[in-house]
Amino acid sequence: MGLKQKSTDLRKRMRDALKGGGDKAIEKQKAIGKLTARERIITLLDPKSFHEYDLFVEHAAKDFDMNKKYLPGDGVVTGTGLLSGNPVCIYAQDFTVAGGSLGWMHAKKITKIMDHALKLKVPIIGINDSGGARIQEGVNSLAGYGEIFFRNTISSGVIPQISVILGPCAGGAVYSPALTDFVFVVDKISKMFITGPEVIKTVLGEEISMEALGGARVHCETTGNAHFFADSEIECFDQIKSLASFIPWNNSAKAKPFPKKSPKTRHYKIDTIMPSDPKQPYDVRDVIKSISDDSNFLEVMELFAQNIVIGFARMDGNTVGFVANQPMVLAGVLDVDSSDKAARFIRYCDAFNIPLVTLVDLPGYLPGIDQEHAGVIRHGAKLLYAYSEATVPKITLIMRKAYGGGYIAMCSSHLRADFVFAWPMAEIAVMGPEGAANIIFRKEIMSAEDPEKLRKQKVQEYKDKFANPYVAAAYGYVDAVIEPSETRKMITHALEISGQKSVNLPAKKHGVPPF
Ligand code: HXC
């Protein structure tokens, strides 16, 4: 065969492999708003930048008549390309080929591209659309998942790992994403569960739809398994590009700096955000936007545990991670879910050299039987651990309430914040004035002629003494009491001079956080 014939043969082989599960199967996916695996990669990455490998890999299974089946590319597309000009490794499972199920060779393709990503120190993006372990391949498909989970774990904190859920994903197909840094889902298309509705019905007799069990909204609002919610695959890809603009490409790099921009002060006026009545809520995202470059804030896990806000923004062109109590939701208290949400984000920022800016306004940890029994001690401790362990620059601003454990947990100077600022309306105390006065003056109040009058007097006494930032400032726990209008200037300066921060923690293999 001459070169011409060989080329014709190659092209034919490629055409066959590129067909995936065939036109009918592709049409079925399109009807529910899904792109094909290759279309997804090509749409996400920079034009003409995708290079595919292992197109001719075939499965090696024999049982259950598998030896008679041709599964193009073994149901997964892998390769490298550019995302906004930067190199990435990527894979996308093809649901049209055996439901994107994972057999041994399918897993080998994925682990090969994961190994490249770790070696080349570039992010790995996994587009998951899979029924999980390929049932016909038995223990080999389980082995395949084990190999993936191992790589997810050792890559954690070294390269960014991004998971996109774009189909019904079961079993191992959701555990790998759970080990990665960011999980993106699309309404009506993404489903995640360990066992689907059929198994649940068989084992427990309970009936539930796929959407209600593990749809995109469920994972963004209720379980916290997903970080970004989109209405379409295209919107989801735009969100990934936006995230990629904020994060460094590996743990030895810093995020790419952007030209400095002022906040949009016409929309976000820092002096007017805080209500004059200290009991009134406000949207802490307005504070973030009032001090961030171009007021551009990418919120992470926007729909989950909304009493805390986390996300990325830039200050003077450089990425920062914001962690902020949200007074609009449950007065910004810390609870099981918000502690988990913030702790993981703090660890991400610390692993990837992203400075942390913490905005504080909370009455403390949420009391109650539900929270105690849900393990608020253990989960709340994750936040203490994550902040204490983080060695990136840590800047804290106490805006209003900082009571009790909440004061300590929200990156106080005791957990080694580098700089703590407070607004003049800050109240730093063991608890709110009403609660405090009722406890410490109880006997006096009860035996007074006019208990209500004395109670009010004692509340005021406590407020005058402690409901301000000056006691903490007198001990040096607060570095400066500042006007709200000075906030951006003070934080950007603190970040600038912390640029070369270097901290040596005691040598150890690793800590034992309260997972
Ligand atoms: C082999 C599979 C498969 C699997 C789907 N298919 N899942 N083949 N192994 N795990 C095949 C189907 O047989 C079908 O083939 C095609 O993919 C499309 O599947 P449908 O069921 O027609 O699609 P849909 O109705 O959309 O349902 C999708 C689904 C469902 C929800 C994912 O297929 C399902 O429940 N699959 C099994 C999920 C599961 O229990 N997986 C094992 C998890 S255990 P044809 O030829 O008809 O087109 C696991 C172990 C790791 O992953 C655990 C780690 C901790």
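Order of appearance sets the numbers: ligands from 1, and atoms from 1 within every ligand.
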Determine whether any protein heavy atom is located less than 4.0 Å from atom 40 (O) of ligand 1. no

Using protein heavy atoms only, decide if any is under 4.0 Å from atom 12 (C) of ligand 1. no

Are Tyr407 and His414 near enough that their ring centres are under 6.0 Å apart? yes

for atom 29 (C) of ligand 1, nearest protein heavy atom and its distance come out as Pro168 CB, 4.4 Å

Lys109, Arg134, Lys108 screened by salt bridge (Lys or Arg N to Asp or Glu O under 4.0 Å) with Asp74, the one that passes: Arg134

Side chain to side chain donor-acceptor pair (under 3.5 Å) for Lys112 and Thr78? Distances and angles first, verdict last. CA-CA 9 Å; Lys112 189 170 160 186; Thr78 62; over 6 Å; no

Which option, Ala170, Gly171, Gly131, owns the non-hydrogen atom nearest atom 42 (C) of ligand 1? Gly131

If you measure only the distance, is there a donor-acceptor pair under 3.5 Å linking the side chains of Arg314 and Ser245? yes

Any idea which protein heavy atom is nearest atom 31 (C) of ligand 1, and the distance to it? Met210 CE, 3.6 Å

What residue among Ser101, Ser130, Pro168 forms side chain to side chain contact (heavy atoms under 4.5 Å, CB included) with Phe95? Pro168

So which protein heavy atom does atom 3 (C) of ligand 1 come closest to, and at what separation? Ser101 CB, 3.9 Å

For the student: nearest non-hydrogen atoms of Asp340 and Lys382, plus distance: OD1-NZ, 2.9 Å

Examine the proximity of ligand 1 to Leu142 and report which part, side chain or backbone, both or neither, has a heavy atom under 4.0 Å away. side chain

Could you tell me whether some N/O pair between Ile194 and ligand 1 is separated by less than 3.5 angstrom? no

Given the protein's heavy atoms, is any one of them under 4.0 Å from atom 33 (O) of ligand 1? no

Heavy-atom pair of closest approach, residues Ala133 and Tyr145: N-CE1, 3.4 Å

Lys191 touching ligand 1 at heavy-atom level, < 4.0 angstrom: no

Tell me whether ligand 1 is touched by Gly196 - counting only heavy atoms on the residue side and a distance under 4.0 Å. no

Tyr53: which residues meet the side chain to side chain contact (heavy atoms under 4.5 Å, CB included) condition with it, sequence neighbours left out? His51, Thr80, Ile113

Any heavy atom of Phe149 under 4.0 Å from ligand 1? The part involved is side chain

Closest to atom 24 (P) of ligand 1 among Tyr145, Phe95, Phe193 (heavy-atom distance): Phe95

Glu198, portion touching ligand 1 at heavy-atom distance under 4.0 Å: neither

